[in-house]
Student: 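Take this structure first; my questions come after.
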Number of protein chains: 2
Amino acid sequence: MEAVAARAGVSKSSVSRVVNGDATVTPAIRDLVIKAVRELGYVPNGAARSLATQRTNAVAVIVSDPPKGLVCDDPMFSTVVRTMSRLLEAAGKQVTLMLAGSPESQLRVEQFVAAGHVAGVMLVSMHGADPLPGSLARMGVPMVSLGRSVSGVPYVDNDNVGGAAVAVRYLHSQGRRRIATITGPLDMLASQDRLTGYRETLRDTGRRSIVALGDFTRISGAEGMRQLLDDDPGLDAVFAANDLMAIGALHALREAGRRVPDDVAVVGFDDIEAALYTAPPLTTIRSPMGDQAAAAARLLLGLFEGAPGDPVIMPNELVIRESA
Amino acid sequence: MEAVAARAGVSKSSVSRVVNGDATVTPAIRDLVIKAVRELGYVPNGAARSLATQRTNAVAVIVSDPPKGLVCDDPMFSTVVRTMSRLLEAAGKQVTLMLAGSPESQLRVEQFVAAGHVAGVMLVSMHGADPLPGSLARMGVPMVSLGRSVSGVPYVDNDNVGGAAVAVRYLHSQGRRRIATITGPLDMLASQDRLTGYRETLRDTGRRSIVALGDFTRISGAEGMRQLLDDDPGLDAVFAANDLMAIGALHALREAGRRVPDDVAVVGFDDIEAALYTAPPLTTIRSPMGDQAAAAARLLLGLFEGAPGDPVIMPNELVIRESA
DNA sequence: TTGAAAGCGCTAACAG
DNA sequence: CTGTTAGCGCTTTCAA
């Protein structure tokens, strides 16, 4: 910077002003500086800038990362992270990706944020009981959660209750009368909401719930399905709380010799890529992750400008394919 | 830090030494400082540290991001990014994710690295013609490319040539005699290599190549397959350069009334999750992305310690399922 | 072994 | 509108 100042024959302050787009600079000086910057290939030092301004343009994207490497949201990871990065980068933010799984990584995240390294935080698919949102919220850093969280953090989510309701209503409208469900892990709010949607809708139709517990993995979908078949051999439909489990259910049904959708109809949730390739292709509730990620990014960016940060809930859409 | 020093009754220098694990500190002082740090919840300021040391513990993970949002490597994104992050974080590095697609983002990346914000760079799935690896290499920052790159950057890759060869040999061993291929985008080295493996192996068996150009998308796989069927209705096998295209080919074959594998055998490449759910499940070449990502992370970490940075090539494995 | 002091590169009052 | 100056919080010689 000193070199630039010297070359342009001005002071460091002027260089700083030009570089930071300060309006109060004589065009002549501005041009001189710009020329010098270009000639010297000058790039400002962010560390020094952060130190001087006590600000940063980094944003942490914190992804919950279960120790076992559960897949719950994996098919979405690319969409979510790419979409957010694109928007955040376009807004001049620098994306710092952090995995929050083990207690150590939790600590690392907290320290990192506490150290003031980031201007804001995006929480991605936190579990309901996760202590991180709470402790970060206490630090007062602008924060948005993708997927409903606890502790009053602004969030973006899809309409889990409504989506499940649509699935069940559709099944009912097709003449299905014994509609079961396979749930996600109940420590996740999304799972709870989908179960609620299923329960309430079923109750409205005067039918009883038939529930198996799953954990959003394919395996658990297959197991849940087998158990459901055991419990109630007469069931004619199943709503799986995500597509991965629906795919597992499809396999279990085939094993059991039931035809889909003739004997048993299957509806999933999420509309992941793989839902297109199953046999038969999966009827599912599309929850638009790209849109949600974008909304979350915009919400955080808005927070920086002092916007209120009201929750955003995106509607879901029933995608009818051949499994129901 | 001053507060810590005051509370411990020592100088800032001592605090700094303790915090940075300097050996030359009296245990008594060390304990005092540690206590004060804990009591005050002190977290060192990274910006100041970077400024003073002229070093940083941030690493950029640069993911090529085609404007249109091509899926070429999408199913792998989660595996790759998570694996790398985990290892990098475990080594105390901070991961900065950057998308390199548009010219502006290229520039942003270059400037960012030029500004010395990162200690090293991980390049993920760059295209062969991408100018970024070259320009970054010129800046002399430690760098590793996941997927072969140009310009002498240390890289980790799977054995694309060998994998394709295994696929073709297997097909041949099953009695297939007219083996076609659908290629990836030929501006990617991986595509070129897979094509080379196909060509050379076929030549060894004295057969001629039957080639359709694809771009790693499902659609292009279906189109390629249709074209292949047009060109050579008698073909009895196809090697798709990735699973997505193999899935597209499966659909096109069904449309055309060919049975798989009875009439036409299909082999893919990658072993993505979805390959399990197709009908019939896809025989494919497993290229272990998690292992590759881990190797890449370790390679970069090694570079920091002055290790040589020799290329790593991971072997592939034929996964036989029902499509061939 | 410890402390004092001099920066790291930049921004932001402030005076001119 | 421009230049001077005093830090931002930390590391790191250099003496003591």
Side-chain angles (χ1 to χ4, degrees), chain A residues 1-58 92 94 111-119 139, chain B residues 1-58 92 94 111-119 139:
Chain A
M1 177 160 169
E2 219 159 56
V4 174
R7 179 156 187 112
V10 301
S11 73
K12 288 197 304 177
S13 315
S14 293
V15 177
S16 175
R17 291 191 183 101
V18 172
V19 169
N20 293 298
D22 191 322
T24 70
V25 202
T26 309
I29 290 207
R30 145 171 280 108
D31 293 345
L32 238 40
V33 171
I34 290 178
K35 192 156 80 67
V37 164
R38 207 175 350 240
E39 286 170 358
L40 269 46
Y42 166 76
V43 179
N45 177 319
R49 179 177 287 175
S50 289
L51 184 56
T53 58
Q54 303 289 63
R55 286 184 265 104
T56 167
N57 56 12
Q94 177 200 139
Q111 297 234 330
F112 193 74
V113 176
H117 288 325
V118 292
M139 314 187 359
Chain B
M1 176 160 168
E2 221 159 55
V4 174
R7 178 155 189 114
V10 300
S11 72
K12 289 196 305 177
S13 315
S14 293
V15 177
S16 175
R17 291 191 184 101
V18 171
V19 169
N20 293 298
D22 192 321
T24 71
V25 203
T26 308
I29 291 207
R30 144 171 282 108
D31 293 345
L32 239 41
V33 171
I34 290 178
K35 191 157 80 68
V37 164
R38 207 174 349 240
E39 286 170 359
L40 269 48
Y42 166 76
V43 178
N45 177 319
R49 179 176 286 175
S50 289
L51 184 56
T53 59
Q54 303 288 67
R55 287 184 263 105
T56 168
N57 57 11
Q94 176 200 138
Q111 297 233 333
F112 193 73
V113 176
H117 289 326
V118 292
M139 314 187 357

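Here the structure is a predicted model, which means the values were calculated and not measured. Below, chains carry the letters A, B, ... as their sequence lines are ordered, and counting in each starts from 1. Values below: all heavy atoms of this structure, side chains included; hydrogens, waters and symmetry mates excluded.
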Student: When rounded to the nearest 0.5 angstrom, what distance separates CG in D22(A) from CZ in R30(A)?
Tutor: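 Atom-to-atom, D22(A):CG and R30(A):CZ are 8.0 Å apart.
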
Student: Specify the residue among A23(B) and Y42(A) whose closest nucleotide of DNA chain C lies further upstream toward the 5′ end.
Tutor: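 Going by which nucleotide is closer to the 5' end, it is A23(B).
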
Student: Check the distance between dC14(C)'s P and K12(A)'s NZ and give it to me in whole angstrom.
Tutor: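 Roughly 19 Å, once rounded to whole Å.
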
Student: Just call it for R30(A): base, sugar-phosphate, or nothing, with non-hydrogen atoms closer than 4.0 Å on any strand.
Tutor: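 The answer is nothing, as R30(A) stays clear of every strand by at least 4.0 Å.
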
Student: Looking only at the side chain of T24(B) (C-beta and beyond, no hydrogens), which of the listed nucleotides dT1(C), dC10(C), dG3(D) gets closest?
Tutor: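 Between dT1(C), dC10(C), dG3(D), the one nearest the side chain of T24(B) would be dT1(C).
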
Student: Has T26(B) got a side-chain atom pairing as donor or acceptor with A28(B)'s backbone, closer than 3.5 angstrom?
Tutor: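 No, T26(B) side chain to A28(B) backbone: no donor-acceptor pair under 3.5 Å.
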
Student: Could you state the atom-to-atom distance from CG of N45(A) to P of dC8(D) in whole Å?
Tutor: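 The distance from CG of N45(A) to P of dC8(D) comes to 18 Å, rounded to the nearest Å.
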
Student: With nearest nucleotides of DNA chain D determined for V10(A) and A48(B) from heavy-atom distances, which residue corresponds to the more 5′ nucleotide?
Tutor: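 The 5'-side residue here is V10(A).
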
Student: Please confirm whether the shortest side-chain N or O distance from Q54(B) to OP1 or OP2 of dT12(D) is below 4.0 Å.
Tutor: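 False: Q54(B) side-chain N/O out of range (4.0 Å or more) of dT12(D) OP1/OP2.
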
Student: For T53(B) and for V19(A), find the nucleotide of DNA chain C with the closest heavy atom, then tell me which residue's nucleotide is more 5'.
Tutor: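 Here T53(B) is the residue nearer the 5' end.
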
Student: Out of curiosity, I34(A) CD1 to I29(A) CD1, how far, rounded to the nearest 0.5 Å?
Tutor: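 That separation rounds to 12.0 Å.
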
Student: Taking the side chain of L51(A) as its heavy atoms from C-beta onward, which of dT11(C), dG3(C), dG9(C) lies nearest to it?
Tutor: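 Nearest to the side-chain atoms of L51(A), counting from C-beta on, is dG9(C).
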
Student: Which nucleotide in the list dT11(C), dG3(D), dT11(D) gets nearest to the side chain of A52(B)?
Tutor: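 Selected nucleotide (nearest to the side chain): dT11(D).
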
Student: Answer with base, sugar-phosphate or nothing: what part of the nucleic acid does V25(B) contact at a heavy-atom distance below 4.0 Å?
Tutor: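 Since only primed, P, OP1 and OP2 atoms lie under 4.0 Å of V25(B), the category is sugar-phosphate.
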
Student: Heavy atoms from C-beta onward define the side chain here; which of dG3(C), dT11(C), dT11(D) lies closest to that of R49(A)?
Tutor: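 The answer is dT11(C), which lies nearest to the side chain.
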
Student: How would you label the contact of T26(B) with the nucleic acid (heavy atoms, under 4.0 Å): base, sugar-phosphate, or nothing?
Tutor: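 Sugar-phosphate, backbone atoms only, no base.
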
Student: Measure the distance from CD on E2(B) to P on dG3(C) and round it to the nearest whole Å.
Tutor: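 After rounding, the gap between these two atoms is 14 Å.
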
Student: Over how many whole Å does the gap from R55(A) atom CZ to dC10(C) atom P extend?
Tutor: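 So the CZ-P distance, R55(A) to dC10(C), works out to 15 Å.
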
Student: Can you tell me the distance, in whole Å, between the CE atom of M1(A) and the P atom of dT4(D)?
Tutor: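 Whole-Å distance recorded here is 13 Å.
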
Student: State the CD-CG distance between Q54(A) and N45(B), to the nearest 0.5 angstrom.
Tutor: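 Taking CD in Q54(A) and CG in N45(B), the distance rounds to 7.0 Å.
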
Student: From R49(A) CZ over to L51(B) CG, what is the distance, rounded to the nearest 0.5 angstrom?
Tutor: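 Answer rounded to 0.5 Å: 13.0 Å.
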
Student: Roughly, in whole Å, what's the span from CG in D22(A) to C1' in dA13(C)?
Tutor: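 Value for this atom pair: 13 Å.
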
Student: Checking contacts here: which listed nucleotide (dC10(C), dC14(C), dT5(D)) is nearest the side-chain heavy atoms of S13(A)?
Tutor: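 Among dC10(C), dC14(C), dT5(D), the one nearest the side chain of S13(A) is dT5(D).
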
Student: Measure from CG on L40(B) to C1' on dG9(D) and round the result to the nearest Å.
Tutor: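 To the nearest whole Å, that distance equals 15 Å.
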
Student: Would you kindly give the CZ-to-C1' distance between R17(A) and dT11(C), to the nearest whole Å?
Tutor: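 R17(A) atom CZ is separated from dT11(C) atom C1' by 10 Å.
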
Student: What distance do S11(B) atom OG and E2(B) atom CD have between them, rounded to the nearest 0.5 Å?
Tutor: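 These two atoms lie 11.0 Å from each other.
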
Student: For dT2(D), take OP1 and OP2 only and decide whether either is under 4.0 Å from a side-chain N or O of S14(A).
Tutor: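 No, no such contact exists.
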
